[in-house]
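Please read the structure below before turning to the comments.
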Protein chains: 2
Amino acid sequence: MAAVDLTTHPGHLARRLQQAHYLLWNTMVSEEITSPQFAVLNALVAEPGLDQRTAGERVGLDRSTIAEVISRLGRRGLVDKVRDPQDGRRFLLRPTDEGVRTHRKLTVRTARMNQVFLAPLTAAEQTVFFDLIRRVADAAEGLRNPAEPLVAQGG
Amino acid sequence: MAAVDLTTHPGHLARRLQQAHYLLWNTMVSEEITSPQFAVLNALVAEPGLDQRTAGERVGLDRSTIAEVISRLGRRGLVDKVRDPQDGRRFLLRPTDEGVRTHRKLTVRTARMNQVFLAPLTAAEQTVFFDLIRRVADAAEGLRNPAEPLVAQGG
DNA sequence: TGGGTATCGTCAGTACACCAACGAATTCGA
DNA sequence: TCGAATTCGTTGGTGTACTGACGATACCCA
């Protein structure tokens, strides 16, 4: 009888939210390209020539995961990957023509899906929704990434 | 230049939120037991004797995933699994004594973690946060689970 | 200029999370 | 009562997502 109510647990809610989104994406956007793949493609359309690590940072994926996503995008012919002649450790990534076309097509569908997904909320609530989630996620990421210790007093 | 701003995409935010939660869970709650495992354990403490499918429904996991989670909980000796003598298709699940103890311990830590996780929000904002996410997730799950078609007119 | 350090990408291991297909058990219907 | 349809759990396949360890490359500095 000591069980807790999971509907007040942000982690559980986040998981359910993500799964619900996954299902809707699959039916309304694409069964081939996943949401993380689209995010990476989007980052490369915005900034062609990113290396893997930076691309991962842009969308919030670690080095291992971005490598797998890039590999799948490459397999589909949506992204090109070439060694950086200036720095042999890096791979430079850029979308292919096909990748740009796919990105354009999915952008339209994603916008439609987001409308359906957020339909339960008023426009004002949607703004709050984004703001609250972003603040919580940013703060939690900040706990992991000490970024600027500023004064870094105490210990 | 046709790239979109992902900070207004609920799917992307949901993923980031979940990852941020995952990291905090790992450092503040447990490196052994994951958040989904705790959710399942919690469901079994609340309702001992659930079968796998129903347990999965309680926490929002499909049959394949709940099977793996149960297998890990069983391997750790936290959950017992016996065939239902009334219905040979089912396995009845209940937490072991060790499982109950672990659940109790993690409940305390989880509460602490949630406080840290939600610290960027005021108490009022936290309420809104839960409400908005729950409404969006419920609605999206409803799209997949026609549950009660009621009148089901049109097509 | 050579060696220590840092960075990039990869690989192995673990854990969700979905779908589709399958066998076993049960239930429903003719 | 016997066969069809349903339900439960498993299996195989794909795709995130993290950690830790590793080799290759680059950088920094004595």
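Just so you know, these numbers come straight off a predicted model, no measurement behind them. Residue numbering restarts at 1 for every chain, and letters A, B, ... go by the order of the sequence lines.
As a whole-Å value, the separation of A:Glu57 CD from C:dT7 P is 11 Å. As a whole-Å value, the separation of B:Gln86 CD from C:dA25 C1' is 14 Å. Residue B:Glu68 contributes atom CD, which lies 15 Å from atom P of D:dT14 at whole-angstrom precision. Between A:Gln18 atom CD and C:dC18 atom C1' the separation is 12 Å, expressed in whole Å. The separation between B:Glu32 atom CD and C:dC16 atom C1' is 17 Å, rounded to whole Å. With rounding to whole Å, B:Leu93 atom CG is found 11 Å from D:dG9 atom C1'. Distance CD1 (B:Ile70) to P (C:dA17): 14 Å, rounded to an integer number of Å. What separates CD1 of B:Ile66 from C1' of D:dC8 is a distance of 13 Å, to the nearest Å.
The phosphate of D:dC18 has neither OP1 nor OP2 within less than 4.0 Å of any side-chain N or O from A:Ser64. When the side-chain nitrogen and oxygen atoms of B:Arg90 are compared with OP1 and OP2 of D:dT7, none of them lie within a distance under 4.0 Å. Side-chain nitrogen and oxygen atoms of B:Lys81 include at least one within less than 4.0 Å of the OP1 or OP2 phosphate oxygen of D:dT10. For C:dC18, one of the phosphate oxygens OP1 or OP2 lies less than 4.0 angstrom from a side-chain nitrogen or oxygen of A:Gln19.
The residue among B:Arg72 and B:Asp87 whose nearest nucleotide of DNA chain C lies closer to the 5′ end is B:Arg72. Between A:Arg89 and A:Ser35, the residue anchored closer to the 5' end of DNA chain D is A:Ser35, taking for each the nucleotide with the nearest heavy atom. Sequence order on DNA chain D of the closest nucleotides to A:Asp84 and B:Arg53 puts B:Arg53 first from the 5' end. Both A:Gln52 and A:Tyr22 lie close to DNA chain C; mapped to their nearest nucleotides by heavy-atom distance, the more 5′-ward contact belongs to A:Gln52.
Here D:dC18 is the nucleotide among C:dA17, D:dG9, D:dC18 with the atom lying nearest to any side-chain atom of A:Asp62.
Hydrophobic clustering (ILVMFWY, side-chain heavy atoms < 4.5 Å, transitive): B:Leu132 and B:Phe130 are in one cluster.
Residue contacts for B:Asn26: at a heavy-atom cut-off of 4.0 Å it reaches no nucleic acid atom on any strand shown. Across all strands, A:Arg15 comes closer than 4.0 Å only to sugar-phosphate atoms, never to a base (heavy-atom distances). Residue contacts for B:Leu61: at a heavy-atom cut-off of 4.0 Å it reaches the sugar-phosphate backbone alone, with no base atom in range.
Test B:Val69, B:Leu78, B:Val59 against B:Gln37 for side chain to side chain contact (heavy atoms under 4.5 Å, CB included) and you get one pass: B:Val69.
Side-chain atoms of B:Arg63 come within donor-acceptor range of the base of D:dG9, with a qualifying N/O pair under 3.5 Å. Looking at B:Thr34, its side chain has no donor and acceptor atom pair within 3.5 Å of the base of C:dC16.
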Stepwise side chain to side chain contact (heavy atoms under 4.5 Å, CB included) test for B:Leu93 and B:Leu73: CA-CA 11 Å; B:Leu93 308 170; B:Leu73 288 172; over 6 Å; no
Audit row: B:Phe38, B:Thr102, side chain to side chain contact (heavy atoms under 4.5 Å, CB included) steps and yes/no: CA-CA 9 Å; B:Phe38 173 73; B:Thr102 299; over 6 Å; no
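A 4.5 Å side-chain heavy-atom check between B:Leu106 and B:Ser30 finds at least one atom pair inside the cut-off.
Salt bridge B:Arg135/B:Asp131: present, at least one basic N to carboxylate O contact under 4.0 Å.
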